[in-house]
Q: 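Let me begin by handing over the structure; questions about it come next.
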Amino acid sequence: MPRALHAQIDPELPLFARRLKAARLRSQLSQEKLGINAGVDEFSASARINQYERGKHTPDVLMATHLARALGVPLSYFWAVDDDEAELLRLYHGFGARMKKQVLRSVQELATTK
């Protein structure tokens, strides 16, 4: 996670809350806009995303899927324990099919030359 984002996120928060907030800030969305984009009623969108980001509540898998889609990240990004792994997942998710195959071949090559 970039240093500027990392400074804005409490490291004591639960993992999902930290990743959600990082992705939202990176996307430059307000809590309300993210909630609406994820299908939450506009009158409760901001409060609901705020509760997720504070770790007070954790969304079910369906809502997490909607949030991931609205943020352009894979669902697995929210639960990757290692920050570098989460960043790799996020970046890989943004590639087209051809680039994904190229990245996979490169990683496979690196794995065989350890």
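Here the structure is a predicted model, which is why all the values come from computation and not from measurement. The figures here come from the full heavy-atom set of this structure, side chains too, leaving out hydrogens, waters and symmetry mates. For the single chain, residues carry numbers from 1 onward in sequence order.
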Q: For residues 56-76, which side-chain N or O atoms pair as donor and acceptor with protein atoms under 3.5 Å away, sequence neighbours left out?
A:
from: Asp60; atom 1: OD1; to: Leu62; atom 2: N; distance (Å): 3.2
from: Asp60; atom 1: OD1; to: Met63; atom 2: N; distance (Å): 2.8
from: Thr65; atom 1: OG1; to: Val61; atom 2: O; distance (Å): 2.7
from: His66; atom 1: ND1; to: Arg69; atom 2: NH1; distance (Å): 3.4

Q: Give me each pair satisfying salt bridge (charged side-chain N to carboxylate O under 4.0 Å, His left out) with a member in residues 29-49, each pair once, sequence neighbours excluded.
A: none
Q: Asp82 and Glu87: side chain to side chain contact (heavy atoms under 4.5 Å, CB included), yes or no, with the steps?
A: CA-CA 9 Å; Asp82 180 84; Glu87 184 64 5; over 6 Å; no
Q: Could you list all the ring pair (Phe, Tyr, Trp, His ring centres under 6.0 Å) pairs where at least one residue sits in residues 10-34, not counting sequence neighbours?
A: Phe16-Phe78, Phe16-Trp79
Q: Could you give the distance from CG (Leu89) to CG (Leu91), rounded to the nearest 0.5 Å?
A: 9.0 Å
Q: Check this for me: Lys101, atom NZ, are more than 12 non-hydrogen atoms of other residues, nucleotides or ligands nearer than 6.0 Å?
A: no
Q: Rounded at 0.5 Å granularity, tell me how far CG in Leu88 sits from CG in Asp83.
A: 11.0 Å
Q: Share the residues that join Phe95 in a hydrophobic cluster, the rule being Ile, Leu, Val, Met, Phe, Trp or Tyr side chains under 4.5 Å apart at the heavy-atom level.
A: Tyr92, Met99, Val103, Val107
Q: Would Arg18 and Leu15 satisfy side chain to side chain contact (heavy atoms under 4.5 Å, CB included), going step by step from the backbone distance to the final call?
A: CA-CA 5 Å; Arg18 292 194 320 262; Leu15 182 61; 3.2 Å; yes
Q: Testing Arg19, Lys21, Arg24 for side chain to side chain donor-acceptor pair (under 3.5 Å) with Glu53, which one passes?
A: Arg24
Q: Distance from Gln31 atom CD to Leu25 atom CG, nearest 0.5 Å?
A: 9.0 Å
Q: To the nearest 0.5 Å, how far apart are CD1 in Ile36 and OG in Ser30?
A: 7.0 Å
Q: With sequence neighbours left out, write down each residue that passes side-chain contact (heavy atoms from CB on, under 4.5 Å) with Ala17, or none if nothing qualifies.
A: Leu13, Pro14
